[in-house]
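Let me begin by presenting the structure, written as C-alpha cells, before commenting on it.
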There are 2 protein chains.
Amino acid sequence: MKSATIRDVARAANVSVATVSRALNRGETVSMPTRVRVLDAAGALDYVPHSGARSLSTSRTDTIGVLLPDLHGEFFSELIRGIDQATRAHKLHLLLSHSHGDPQEAMAVLKAMRSRVDAMLVMSPYADGALLSGALNGAVPLVLMGGGGDAGAHPSFAIDNRAGAVAITSHLLDAGYRRIGFIAGPADNIEAGQRLSGYRAALAARSIAFEQIVQGDFGERSGFAGAGLLLAAGPPDAIFAANDMMAIGALEALRGAGLNVPGDVALAGFDDIPVARFLDPPLTTAGVPIAEIGRRAVECCIAMVADATGGPGHIFTPELVVRASSGPGKQDRPNGRLIREEV
Amino acid sequence: MKSATIRDVARAANVSVATVSRALNRGETVSMPTRVRVLDAAGALDYVPHSGARSLSTSRTDTIGVLLPDLHGEFFSELIRGIDQATRAHKLHLLLSHSHGDPQEAMAVLKAMRSRVDAMLVMSPYADGALLSGALNGAVPLVLMGGGGDAGAHPSFAIDNRAGAVAITSHLLDAGYRRIGFIAGPADNIEAGQRLSGYRAALAARSIAFEQIVQGDFGERSGFAGAGLLLAAGPPDAIFAANDMMAIGALEALRGAGLNVPGDVALAGFDDIPVARFLDPPLTTAGVPIAEIGRRAVECCIAMVADATGGPGHIFTPELVVRASSGPGKQDRPNGRLIREEV
DNA sequence: TTGTAAGCGTTATCAG
DNA sequence: CTGATAACGCTTACAA
C-alpha cells in the first residue's frame, strides 16, 4: 500500500498542506475544528510523515548515531540498553554500528552515518580521536565514550581505569596475595593501557617486585589462554584480568587445571558485567555504571544539538566490588590444606 | 562546518549537478577526466550526500529497522551481532529499537520507524502479529523473528521450541532424573508456551506423573525465585528453566541452598547463550543459532525489498547441548553419598 | 486562521 | 557525454 502524503491528507481534510503541517506539529495557530478534521483525515489515511523530506526541510533527523568498537558480550549489551533508554525517553531514533577496532572502517562508517544523524556517540578505545573528528569534520556534534579520542575537543564519558585497577590490585594485596598475575587487554587499547598502568602502580606503591603480565584482547578466549600462560610460568596466587570477559575465560582455565578459586588462585576482573555475580565463585571486579554511561552520553548529545556545547562530560570512578573469587587466600586457610583436596 | 552539497561539488568541478550525481553513483556514462575532477572536488570538499534528500528522491533509505522485545542480556547481544553482520555486509544501516513487550508501544515504534526504513525486522513473542501488520500497513516489508506474529502473512525465522524442550526433558529423563521441575517463561509469550508444552509432552510420552511448574519471566531474578519455589515445594531432582538466563538465576539459588549441581539437583536451560559454557557447572541447554537467525532474517529483508516475496523464512531445530549440569544424578553416584557431603 | 510558494539536496528524464 | 529541470514530501516565511 502506497503511503499517504501530506497532500493526500490536505485533500481529505479540505485544507492546504501548510495547515496540515501546522496541525500535526506545533499547531500554534489552527482552529479546533480544522485541527480535528486534519487529525481525523491523517488517522484515516494512516499518514506518517516522510522523515527524509522532513529532515531535508528542517535539517534535523531526530536520530543519534552510535558507533561501538564491538557488539559482543554483556558489556555492550548493557551499554546499548542505557543508550536506548535515553534515546527513547527523548523520542529519538538510534542508528547503531560498530567497527572491529579498525580506524579506517570507523572513519568510513562515520562518514556514512554523518548525514543521517543529529549527533554521534562514539566509543573508540584507540588513539584515533583526530581521525574521528576528521571523518565527522564538524558536521555533527561528537560525544565520546571510553578513554579514546581527544577528550579535549569533545565531551567524553569515561571511567577512571587506572584508579579501578589500583583498587583491585590493592584489594588483592590487602587480602594477602603477593604474586599477582595480570591479563592485559589489547595492546593499543587506551583503557587497557590505563588498567595495566594501575596494576603496576599499585604494586610499586607497596614495593612488590613480583609482576607478571600476559597479553589478552578482552575476549573470553584470550583470558583462557592468558591464564594458561600465567600458570605455566609458575602459578601466581592471584590473577587480575583487565576485564570480566577475560576473567571468565581465566576461571575456566583454572577450573580445567584443577585449581580452586580462590583457594589456589584468586581472581578478579573489571567492569562488573551482570553475569559476574553469577559465576562460581562470584567475581570480584571493578564496578562500572555501564548503562549510566550510555544514558549520560546520549543526554550530552542532545544538549550539544541544542546549544552546541553540551557540557564537559564525566569521568566515573569504578567501585570496588568484592566477591568470593578473591576471598581468603592460602595463607588464611585453616591448617593450610588446599580446599580442592577436601573435595 | 556547514556540509557541502552536490551543488558545491558541481561548481568546484565545473560540471552540472547531474554529472556529479552520475559520477558518484553508478556512473554509466561519465568520461574519465570529468569523473576524476568530480571525485577530486568531492574529496576536497568532504562531500557526503544528504541521505534525506536521496531517500526523498529514490524512495529508499538503505536502512533496516529492528524491533526487539528487549535488549537485555546475552541473547539479544548475540542476535544484534548477527543482524549487524548482515546489514554491514550489504552496506545497510541499522535502526534499533525495542518495546518492553508492550504491544501499544510496539505499534507506536513501528509507525515512527516506518518512514525511515526499507524493511522491518521484528521479534515479537506475543500474539500481536495482526497489530504489527496494521502498524506497518504494508508500507514496508516485514520479517518476523521468534514465534509471534502471524507467520502465515510474513516470512518468519524461528526455532522449534517445542522440539527443543522435548529434547531437554527427554535427556534429563534418560539421565535418570524423574522429578523434573520447570521454570516457565512469561505466560503470554508464545515461545515460552511452546517450551512448556514440550516439557509436558516429553513427560507424558514417558508416562511420568511428576510435573511441577513455576512461573518466570525469562530474567535471572525470576529464575532465582522460581528455583526457590521449586525447592520449597519439595526438591525436584532436576530443574529445567525455559531459558539460560533463568537457569543462571536458578543455579545461584541452588548454590545458596547448599545444593550441589548436578549432584543434588540437575539443571538445564535453553538458548545456549555464550556464557552458558562458562558457568560452574557448565550448563546443559538447547542450542539455538542466535546470530544466524539474525543474519538470515536480514537477508530475507533484503530479498523482500528487492522482489517483494523474499522466501518463506525458516524454522531452526535446537541442538541438544549436554554439559556437566545434567551429569549423572544421585542414583548413579558411587555409594550413594551426596557429593556435597564429600566437600 | 488559512493559503501560497519558496526552498531543502538528490535523482532521473529528456534534450542537446 | 553533459546540462537543464522536474519531481520527491515537508516546513516555513509571507500574504491574505
Side-chain angles (χ1 to χ4, degrees), chain A residues 1-39 41-42 45-63 111-118 139-140, chain B residues 1-39 41-42 45-63 93 111-112 114-118 139-140:
Chain A
M1 177 171 174
K2 186 92 177 62
S3 280
T5 77
I6 199 174
R7 310 178 75 104
D8 300 322
V9 177
R11 200 171 310 130
N14 250 304
V15 293
S16 71
V17 294
T19 300
V20 175
S21 178
R22 281 187 288 251
L24 262 35
N25 303 332
R26 72 207 96 280
E28 319 145 45
T29 55
V30 182
S31 75
M32 211 41 188
T34 38
R35 168 184 304 269
V36 169
R37 274 217 315 289
V38 169
L39 260 37
L45 292 171
D46 188 35
Y47 169 68
V48 174
H50 187 295
S51 64
R54 173 175 277 173
S55 107
L56 186 53
S57 183
T58 61
S59 64
R60 298 178 78 277
T61 60
D62 298 322
T63 303
K111 278 207 168 187
M113 294 183 103
R114 171 153 70 132
S115 76
R116 324 175 84 95
V117 302
D118 292 334
V140 302
Chain B
M1 177 173 174
K2 186 90 178 66
S3 279
T5 76
I6 199 173
R7 312 179 73 103
D8 299 322
V9 178
R11 199 171 310 128
N14 250 305
V15 294
S16 71
V17 294
T19 299
V20 174
S21 179
R22 279 187 290 254
L24 262 35
N25 302 332
R26 72 208 95 280
E28 319 143 43
T29 54
V30 182
S31 76
M32 210 42 188
T34 37
R35 168 184 304 269
V36 169
R37 272 216 317 288
V38 170
L39 260 39
L45 292 171
D46 189 35
Y47 168 68
V48 173
H50 186 294
S51 65
R54 174 176 278 174
S55 107
L56 187 54
S57 183
T58 61
S59 64
R60 298 180 77 277
T61 60
D62 297 322
T63 303
H93 292 265
K111 276 207 170 187
R114 169 152 70 130
S115 76
R116 324 175 84 95
V117 303
D118 292 334
V140 300

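Quick note on labels: first sequence line is chain A, next is B, and so on, each numbered from 1. Values below: all heavy atoms of this structure, side chains included; hydrogens, waters and symmetry mates excluded.
Across the helix from C/dT1-D/dA16 to C/dG16-D/dC1, the helix axis at one end is tilted relative to the axis at the other end by 40° (nearest 10 degrees, each axis from five pairs).
Two residues are said to be in side-chain contact when any heavy atoms from C-beta on lie closer than 4.5 Å; A/Asp118 and A/Arg60 meet this criterion. At least one side-chain heavy atom of B/Ile6 sits less than 4.5 Å from a side-chain heavy atom of B/Ser21. Residues A/Thr63 and B/His93 form no side-chain contact, since every pair of their non-hydrogen atoms from C-beta on lies 4.5 Å or further apart.
In this structure, the side chain to side chain donor-acceptor pair (under 3.5 Å) partners of B/Ser16, at least two apart in sequence or on a different chain, are B/Thr19. Applying the side-chain contact (heavy atoms from CB on, under 4.5 Å) test to A/Arg35 and every residue at least two apart in sequence or in another chain returns A/Val30, A/Met32, A/Leu39. Residues meeting the salt bridge (Lys or Arg N to Asp or Glu O under 4.0 Å) test with A/Arg7, sequence neighbours left out: none. Listed by chain and residue number, nothing satisfies the salt bridge (Lys or Arg N to Asp or Glu O under 4.0 Å) test with A/Arg22 (two or more places apart in sequence, or in another chain).
A donor and an acceptor atom sit less than 3.5 Å apart, one in the side chain of B/Ser57 and one in the base of C/dT10.
Closest to the B/Thr34 side chain, of the nucleotides D/dT2, C/dG9, D/dC10, is D/dT2. With D/dT2, D/dG9, C/dT10 as the candidates, the nucleotide lying closest to the side chain of B/Thr29 is D/dT2. Nearest nucleotide to the side chain of A/Thr5, out of D/dG9, C/dT10, C/dT11: D/dG9. In the set C/dG9, D/dC1, C/dT2, C/dT2 carries the atom at the smallest distance from any side-chain atom of A/Arg22.
Taking only side-chain nitrogens and oxygens, A/Thr58 never comes nearer than 4.0 Å to OP1 or OP2 of D/dT11.
Within residues 10-19 of chain B, the residues having any heavy atom under 4.0 Å from DNA chain C are, by residue number, B/Ala18.
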